[in-house]
Structure formats: structure tokens, C-alpha cells
Amino acid sequence: MLEIKYVRQNLSEVYNSLKKRGDMSALDAFQGIEAVRREILGELEDLRHQRNVVSGDIADLKRKGEDAEGLVVQMRDVSGRIKVLEKNLTEHEEKISEILIRLPNIPHASVPVGKNETDNPVVRRVGEPTSFDFEPKAHWTLGEDLKILDFERAAKIAGARFPLYFGAGARMERALINFMLELHTTEHGYTEVLPPFIVNRKTMTGTGQLPKFAEDLFKLENWDYFLIPTAEVPVTNIFQDEILDEDRLPIYFVAYTPCFRSEAGSYGKDTRGLIRQHQFNKVELVKFVTPETSYDELERLLNNAETVLQKLGLPYRVVSLCTGDLGFSAAKTYDIEVWMPAQNTYREISSCSNFEGFQARRAGIRFRRKGKKGTEPVHTLNGSGLAVGRTLAAILENYQQADGTVIIPEALRPYMGGQEIILPRP
RNA sequence: GGAGAGAUGGCCGAGUAGGUCUAAGGCGCUCGCCUGCUAAGCGAGUAUGUGGGGAAACUUGCAUCCAGGGUUCGAAUCCCUGUCUCUCCGCCA
């Protein structure tokens, strides 16, 4: 959410910077409604002041045993008027917050201008695309042949876009989670968190999933609860409505959670394999930092996520999302894309964003500077470190051998009891 | 699921026959004084949001005692609804 004062005072700038990001009709209405709101508020506060003063007078008169009936009658009218204005004010406030809560974040000045993902510039490439002297197979073929992935039976149990792992597949998924958590906690200074996987409406609104993107979420029937689409949601909301002392910042959290997404509107996309699932595992990095450090922190967070790929020996590239491809809440985002040999392309495996104060204002996460009055929103950041299912898919494809077996990356072996290779399950 | 108790400022905690609550008191914290260090002591300050004035220190209006509604000239206080917490019972991994 943008700050109401900022929108009021910089309407044309807000308009311009958000124009590329979609429907601006709501913003057109803002100015008029906000002017009326402020007018009502002015009159209302005057009347409330009058009521406060006169009520005190009435109390004095009664204490002295004098007659106060005249003032009481007078205040009856004032109170009536206050009630009308209050209702009116509430209506205008609701309209304003309805507009503000649906307004996306303003892109940072360093974000490249562009229309869609084809305009995202590549920041760097690390590692060469894996070369094979045979035709590399897709991870779903490898997984099914090795009998460590079974999409057919998963569909029977749940439906399309659900995973079912067996044997070394299940073990590698678990090993990846542990490997990533260990790396980020012991080498990168993050504190491990295990949050709820189901959250309420306020929490979903705090990070920006609601109200605009309800169709992307799984909602529990008869409950105002939602399955989390990412650990970002519960973890960022840990400090919801809190004021942190400056010296507590920065705060780094890493959390493993399953993630649940409806994938509405992606019918026909990535229908095979682990790339696009209704349920997948992810290790997420979340930071709470002071505004002046947040862009340095973004670079470090990105590096922390890249380290996972480097240690696993997977080729990847980093792209900077352009204005047209930026998510609703983000001010700046880097995507990390891993090389997928069978598809002969890079696929997103991590998304690292700085939200600046956008989520913090929605969720009420503030901090107090030492020796200064007042509070400021913290800056929040997060990034996948990494999407686990996609990492497993990338390992299968990049580490496959001509005979269909898969070498286990060395960094992962300690988490798999020393196992070095995945052979077909009998 | 049944019965009961509760929710007040950073923390503890007073405050229910509605009216100096413009929220006592304590702790903590900040600044200053004092003591050669430390401790103790003394003094002052110490919530959030939003609007006005001021270069600023500051000053001033309104709102906020879990949330939402109601009664009233006036609500932390009375009424209704909801949320959460705690205790006991039942059930349960």
C-alpha cells in the first residue's frame, strides 16, 4: 500500500509510474473522494471538540447542582450531526482504502522499463548450459523411469498438478530442504522459522495477495482461512502491527513450507513435470531492514539464493524484471533462472524482491530510530532460496547420464546418507 | 464440545452506583544532576495514528483502554455481537 499522504501530494507522479502497470480508473476517483473526506473530517473534528468542551461544562454544572438542561438539549443536536458525519466519513474512508489497497507498488528507479518478460535484461550468467553427448530426457521421464516420481498416481489421489515422490526422489526433496536450511542458517545468518501453513485474511492482505489475487489462492470452505502460496506470507506477517527498535534490524528469517497455488489461468502451461504444481515445497528467505539499506540487502539476498545453485553446480542466469513484469507488491525484483536441458531453456527457480515499505504499511510493521520520535515502515524483502521441486527437476535433468541414472551433486550427498547416484527403483 | 475467568500505555498494574480518566502507581528506558568507578539518590521526559501552527525545539485539535455495533449531552466504565487468551472437564496426534 502506498501512503495516502504521498498519493495525495504526488498524484501525477503516482499516476505516471503506475500507468504501465494496469487499470488506473480507480486512481481517477481518488482525488475527489479524498477532498470530500478531508472536508467531512474537518467539520467532524470541530463538532467533536465542541461536544468534548460542553460535556465538561455539563459535568461541572451538575456537580454544583445547577441546571444543565439547555446545554444537554443543544448537544443532542450536535451529537446527531456528529453521528451523520461519522457515517459519511466511514463511507469515504472505505472508498479511499479500497482504492489504495488495490494500487500496486511504484517501481524503483533502477527497474528497467519494458512491457513483458521478453524485456527483462539478463544481469549475469553463471555456468555454461550443460552439454550432453546424448539426447537429454525431461525430468518427468527420468523420474518416472527411475520410479521416483509418479504423476499418474498423484492424479488419482488428488488431481492434476500434484506431486508424488518415492524412494530417492522423496529423499532428495527432503535432503534439498535440509541442505538449503543449513546453508542459510549457518553461512548466511538467517534464523530458521517454521510458520503456520494456513493464514487468515488480514495476513493475506498484509503481503498483498488479497484483495486482488484471491483467485490464485486455495481457500478453506466455511473458514476465512487460506492455504499459503509462499512462506513470505506468514513470515513477513510475524511482526504485523508491531513497532521494532532500530537496533533489532536487520532481521533475517529462512523458512521451509509447502506452498499451495490454484494456478488459475495457467491451463495448458507446464502440464508435465514438477514445474507448475498446486502443491510444492519452497525454502524462503525473508528480511526486515531499514530503508537506507534495503537495496544492498536485496543484492545480498540474491547472492544467498545464487549460492544454493552454485553449490549444487547448476547453471543459471539472473534477470531483472522490467516494469511490465514486476509483481503487484514489489518495487524491484530479480529472478534467478536455472538451466533446464530437456527444454533447452532457463526456467525461474527463485524470485528475489524488495518491497520497500509497501507490505510494511499494509501489515503495520514499523520501527523507531534511536533517539528519534515517531515511527517509519520497515522495508521488507524476500526471495526463494530455492523452489525445491524445481531444483530437484533441474538436478535430474542436468545430472542425468546416458543410461537414465542420475548423479547426486556432491553438496547434497551428506544429506542423503552418502548416496552418490540414483538407480532405477525395482 | 461443556463450564468459568479475562483482554488497559514498552512491561506490570489501578480504575465498573458513567462526568477534572486530559488513565493512578510501579518497572523499564532516555536525558540531566550528584557521587573519583559501580551501585544508590535527585530532577525531567517517555504510546500510536491523523490534521493545524512553527525553520526547529515545540505547540495545538481529533481519534484510540481487544474489535465492531448500541444506550447517553457525555462510555475504559452500561448493553449486544465477535475475536483472542487463560483455567477446569470431555475428545484427540
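Convention: sequence-line order gives letters A, B, ...; per-chain numbering from 1. Small disclaimer: the values here were computed from a predicted structure and weren't measured.
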Got a sec, which pairs hit salt bridge (Lys or Arg N to Asp or Glu O under 4.0 Å) with one end in residues 160-185 of chain A, sequence neighbours left out?
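Those involving residues 160-185 of chain A do not exist here.
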
Using the salt bridge (Lys or Arg N to Asp or Glu O under 4.0 Å) rule, collect all pairs that involve residues 297-314 of chain A, keeping only residues at least two apart or in two chains.
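Listed once each, the pairs are A:Arg124-A:Glu306, A:Glu187-A:Lys311, A:Lys287-A:Glu297, A:Glu297-A:Arg300.
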
Rounded distance in Å between the [atom1] positions of [N] and [M]:
N     : M     : atom1 : result
B:G45 : B:U38 : C1'   : 25 Å
B:C12 : B:G49 : C1'   : 25 Å
B:G54 : B:U60 : C1'   : 11 Å
B:G10 : B:G70 : C1'   : 34 Å
B:U30 : B:U71 : P     : 48 Å
B:U46 : B:G51 : P     : 22 Å
B:A93 : B:A5  : C1'   : 29 Å
B:A67 : B:A14 : C1'   : 24 Å

What's [X] touching, base or sugar-phosphate or nothing? Going by heavy atoms closer than 4.0 Å.
X        : result
A:Lys62  : base
A:Leu44  : nothing
A:Asn52  : sugar-phosphate
A:Ile58  : base
A:Arg37  : nothing
A:Arg201 : nothing

Would you mind reporting whether A:Leu217 and A:Pro229 have side-chain heavy atoms less than 4.5 Å apart?
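Yes, side chains in contact.
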
Side chains of A:Asn200 and A:Thr203 only: does a donor on one sit below 3.5 Å from an acceptor on the other?
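Looking only at side-chain atoms, A:Thr203 and A:Asn200 do form a donor-acceptor pair, the distance falling under 3.5 Å.
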
Which residues satisfy the ring-ring contact (aromatic ring centres under 6.0 Å, His included) test with A:Tyr15, sequence neighbours excluded?
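With sequence neighbours excluded, A:Tyr15 shows a ring-ring contact (aromatic ring centres under 6.0 Å, His included) to no residue whatsoever.
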
Both A:Leu41 and A:Ser79 contact RNA chain B. Which one's nearest nucleotide lies toward the 5' end?
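Its nearest nucleotide lies further toward 5', so the answer is A:Leu41.
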
With A:Arg201, which residues qualify under salt bridge (Lys or Arg N to Asp or Glu O under 4.0 Å), at least two apart?
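For A:Arg201, the residues satisfying salt bridge (Lys or Arg N to Asp or Glu O under 4.0 Å) (neighbours in sequence not counted) are A:Asp224.
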
Where chain A begins and ends its contact with RNA chain B, read 5' to 3' at 4.0 Å from heavy atoms:
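The contact span of chain A on RNA chain B goes from B:G19 to B:G74.
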
All pairs passing ring-ring contact (aromatic ring centres under 6.0 Å, His included) where residues 33-83 of chain A contributes a residue, at least two apart:
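Of all non-adjacent pairs touching residues 33-83 of chain A, none passes ring-ring contact (aromatic ring centres under 6.0 Å, His included).
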
